[in-house]
Every structure is written in C-alpha cells, then in structure tokens.
Amino acid sequence: MSDQDEHGYSPHDRARWAGEPRKLNEAPRGTFERDRARVLHSSALRRLAGKTQVVGVGVDDFPRTRLTHTLEVAQVGREIGAALGADPDLVDAAGLAHDLGHPPFGHNGEKALDRVAQECGGFEGNAQSFRELVRLESKIAGAGLNLSRATLDAVSKYPWPRRPDSRKYGVYADDVEAFTWMRTGAPDGRRCLEAQVMDWADDVAYSVHDLEDGIHAGFVDLAVLDDPAEAQAVVDVGRELYGAGDLDAVERLRAAPWWVRGRASASQAGLVALKSMTSELTARFSLAATLATRERYGTGSLSRYDADLVVQADERAECAVLKAVTARWVMNRSGVASAQSRERELLVALVTAIRDAAPEPLEPILQAPWRDARDDGARLRVIIDQVARLTDASAVRWYERLVGRG
C-alpha cells in the first residue's frame, strides 16, 4: 500500500521540522490544510493589511494593500495548482505566505533595509518571509509556524542563500539549518512546481490587479498605448525591469475586445468594463500556463519535482508590458521619487535609533533574542526583524517617538 496521499505527497513531504504534541480537541485535517490555517491565522499575515503594495496605504479606499494582493495570489495559485493536480491547500498556503517578510513601504522599504543591514548579511523580502515562517512566528517554540517541508519549499522562490551571481535569495545565514532540512532530497537550486505556480500567480496578480488600481486611481489611461512612441517606451521599461516585453504583446492586448481605454472609474459602466478586463487577463494568463504545462507533461497529477510550470514567451511578454505600464505611470509618477526617498531615510534613521537604545525600544518578544545574540551583527539582525515587521503607519509612529518629527 502506498504511503503517498491522493495528490502524490509522501511522508517526507508532509514532515515537520519540530515535533508537536497532539491536541485533544483538534478536528482531523490534512497536513496542508493545517499549514494553510497556520499561515492564515498568523500575525505576520495580518500586518500585511497595513503595508504598501503599489499605491500607498490610505491614498484611497480602492487600491490593494500587501494583504489583499496576497489573498489574490493565493486564489490564483490555488486554481492553477488544483488544475495541475497539486494539493490546492499547499499552493494556497504558499501564496498566503510568500510576502510575510516584506517590510513597510513595499519594495522601497526593502531597498532601505538592505542598505542598513549589510553588516548582518543584507535584507531580502523572500529570506525574511522564510525567517518569519521558521523562527519569528509564535506557534511552536524555536520553529515558527513549523510548516511541512513541502509547504515551506513551495514558498521558496529563490532556494539558495545569498550569493554574488543573484540579487535575490531565499535564506539568511542564521536560518540555514531549517533551510537545509527543508531542501533535503530536492534538486540543487531548482524550485518545486508549487513554488513556480505561486511565483506565476504573483506575477499575474501584480501585473493585472496593480494595473487595475492605477487605472481606478486615475494615474493610468491605457489609451496612451495607442501612441507608438509611448508603446515603445513601455516595452523598453518592461525589458529593463522585467526582462520581457515587445510591441507584438502590446498589439495583442490592444486588439482584445475587453481592452479598456479612458477614465474607467468615471461611471459604473466604466468600472464594469475595468473589472471585466481584470477577469479576462487573469484567466488568460492562468489558463495559458495550465494548458502549456498539460501539453508537455500530460494529464496525471503533477506535484513537487514531477514537472516545471510552462509559461510561454507570449504570456510573459504581455505580463511584462502590464507591469511596465504600472511602473511608468504609477510608480514613476511625479512626486513618488521624493516620497520614496523620505521613506528610505525614515527606515534607516529608525534602525539607527533602535540600535542606539536597544533593547528597550524592541517589542518584548524580540528583547530576549537581542540579549542572547552572539555579536553586533546578530543583534542588528534582531533590530531588522523589528523594523521589517512594522506597518507603514507604525513605522512612522516609531520614527516620531524615537527620532522626532524633524
């Protein structure tokens, strides 16, 4: 009799890093269903409600926060994973967990913390997410949420430590023991299928939903792409930032019957059209990847290292074009650069202020790790943990309390 479950996952895949006591009144649930619940109820997930996605938190009531983006990634990934035969709860959990380590002020905050954290090995949002899962969250002492091996692996977009040939990485030196356990038996440097599904779902949500936010906020009118010069400029941004994009992709999108032009948020009909475009694009990218993967690997259940997700060049180019529109017209609009500079300065000053007065400013749960740290670099890592956990608003409040309004 096979010890694999209905989706083909083995006891090795379902294993947890730390042993756990059996709970007397716990309802029977599968390993990955339990993993999903643990992430869903984590404090790190709740904090994402106060962290910037693209349009800043509080600018309007419509735009996504990092939390709503995360929920959309989980939903898109769950559907793709289920269509391929992977465990949907596992892929859902990976989508929910993939951004848990992102700091205040989005990727701009990530840059600031990386600059100030060089002494302890730098800062990377994906490595910080892994750290939240295996160390910082309080479910099992010393093991974070103590997720299963397969779920942790599915969160790992970049399954390697910091190295010179890659700007992205998935684990800090402090957390290598848990990372090595997670990767036992995995091909070196290769992402599992579920991580690839989560990553593509992230791209889909980012490209489609962040564009929707930009259009609704009035920052973007897709009619600009009717101008050949502007279309070429967007393609150039796509190639520079995302490594893909071409004029054919622009033309395919512009020719679609659901492509929206004009101020979509000015009327209910416009909002309906915008939502229709969002749905069509999400389905287009999700279905294309599912069909291409099925065409290559057949109709059986696919999971872990049975297959790689197949995303064709056309869909990657279209996705890059959409992200480039948002980058050009939302993230690079007038006034954003100066605001982002202030945000970076705030975070750097906050790290410095906490470091000068530690451990008192730290939350009580982080004061003991700071005291137990072996050297200055390890103490700095604890301070980085503290700042990374703050929301946009709480980072400002901490700055005002510890540094002053300036």
Side-chain angles (χ1 to χ4, degrees), residues 35-78 91-113 123-126 128-133 135-139 144-145 147 155 157 198 201-214 216-217 219 275 278 282 326 330-331 336 339-340 343-344 346-347 350 363 365-366 384-401:
D35 284 349
R36 179 185 177 276
R38 290 182 179 192
V39 179
L40 187 64
H41 293 286
S42 67
S43 60
L45 185 70
R46 293 194 297 275
R47 287 193 296 271
L48 296 183
K51 298 190 181 189
T52 292
Q53 174 60 15
V54 171
V55 178
V57 175
V59 171
D60 191 6
D61 291 335
F62 184 87
R64 273 87 180 165
T65 64
R66 185 69 66 171
L67 176 60
T68 52
H69 162 75
T70 291
L71 296 175
E72 288 163 342
V73 171
Q75 183 270 324
V76 172
R78 183 184 184 93
V91 183
D92 197 329
L96 291 173
H98 84 284
D99 266 354
L100 293 185
H102 272 257
F105 310 126
H107 291 291
N108 187 48
E110 193 173 0
K111 293 176 184 176
L113 291 186
F123 181 90
E124 212 287 334
N126 294 281
Q128 193 71 24
S129 293
F130 184 74
R131 188 171 174 85
E132 282 284 350
L133 294 172
R135 181 187 294 264
L136 299 179
E137 274 291 324
S138 301
K139 176 66 177 178
L145 293 182
L147 302 182
V155 182
K157 286 188 184 183
M198 177 271 289
D202 192 15
D203 270 353
V204 171
Y206 180 20
S207 65
V208 176
H209 300 132
D210 292 352
L211 176 65
E212 180 187 0
D213 284 354
H216 187 275
F219 300 138
K275 186 55 67 177
T278 300
T282 303
T326 303
V330 180
M331 292 184 285
V336 168
Q340 289 184 335
E343 290 167 354
R344 292 192 298 271
L346 182 152
L347 291 182
L350 183 54
E363 293 174 357
I365 198 169
L366 291 176
I384 296 297
D385 289 339
Q386 174 69 82
V387 176
R389 290 188 128 200
L390 300 177
T391 64
D392 294 10
S394 63
V396 172
R397 289 195 300 271
W398 277 56
Y399 175 87
E400 291 174 348
R401 174 167 58 89

Suppose we screen for side-chain hydrogen bond (donor to acceptor under 3.5 Å, both in side chains). Which residues come up paired with E72, at least two apart in sequence or across chains? R64, H209
Residue pair [X] / [Y], side-chain heavy-atom distance below 4.5 Å:
X: K111; Y: Q340; value: no
X: H102; Y: H107; value: yes
X: L45; Y: L100; value: yes
X: F123; Y: I384; value: yes
X: L147; Y: V39; value: yes
X: V387; Y: P103; value: no
X: E132; Y: R47; value: yes
X: L390; Y: L350; value: yes

Restricting to non-hydrogen atoms, name the atom on [X] and the atom on [Y] that form the minimum distance, rounded to 0.1 Å.
X: S42; Y: L145; answer: CB-CD1, 4.3 Å
X: P104; Y: A388; answer: CD-O, 3.8 Å
X: A201; Y: G77; answer: CB-N, 3.5 Å
X: A97; Y: V155; answer: CB-CG2, 3.9 Å
X: Q128; Y: D385; answer: NE2-OD1, 2.9 Å

Output the distance between atom [atom1] ([X]) and atom [atom2] ([Y]), rounded to the nearest 0.5 Å.
X: L48; Y: T68; atom1: CG; atom2: OG1; result: 9.5 Å
X: T65; Y: D213; atom1: OG1; atom2: CG; result: 9.5 Å
X: L40; Y: R46; atom1: CG; atom2: CZ; result: 10.0 Å
X: L211; Y: Y206; atom1: CG; atom2: OH; result: 11.0 Å
X: E110; Y: F105; atom1: CD; atom2: CZ; result: 14.5 Å
X: M198; Y: D203; atom1: CE; atom2: CG; result: 10.5 Å

Using side chain to side chain contact (heavy atoms under 4.5 Å, CB included), reason through S129 and H98 one step at a time and then give a plain yes or no. CA-CA 7 Å; S129 293; H98 84 284; over 6 Å; no
Is the backbone of I365 close enough, under 3.5 Å, to the side chain of E363 for a donor and an acceptor to pair up by distance?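 Answer holds: no.
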Can you tell me if E137 uses its side chain to pair, donor with acceptor, with the backbone of A44 under 3.5 Å? yes
May I ask you to say whether D392 pairs ionically with K51, meaning some side-chain N is under 4.0 Å from a carboxylate O? no
Quick test of your reading of the model: are K157 and D202 salt-bridged, counting only N-O distances below 4.0 Å?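 Salt bridge between K157 and D202, a charged N being under 4.0 Å from a carboxylate O: yes.
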For Q386 and W398, run side chain to side chain contact (heavy atoms under 4.5 Å, CB included): C-alpha distance rounded to whole Å, both residues' side-chain angles, the deciding distance at 0.1 Å, then the answer. CA-CA 11 Å; Q386 174 69 82; W398 277 56; 3.5 Å; yes
Step by step, would you call L96 with L71 a side chain to side chain contact (heavy atoms under 4.5 Å, CB included)? CA-CA 6 Å; L96 291 173; L71 296 175; 3.7 Å; yes
Is a donor from one side chain sitting under 3.5 angstrom from an acceptor on the other, for D92 and Q75?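 The criterion, which ignores hydrogens and geometry beyond distance, is not satisfied for Q75 and D92.
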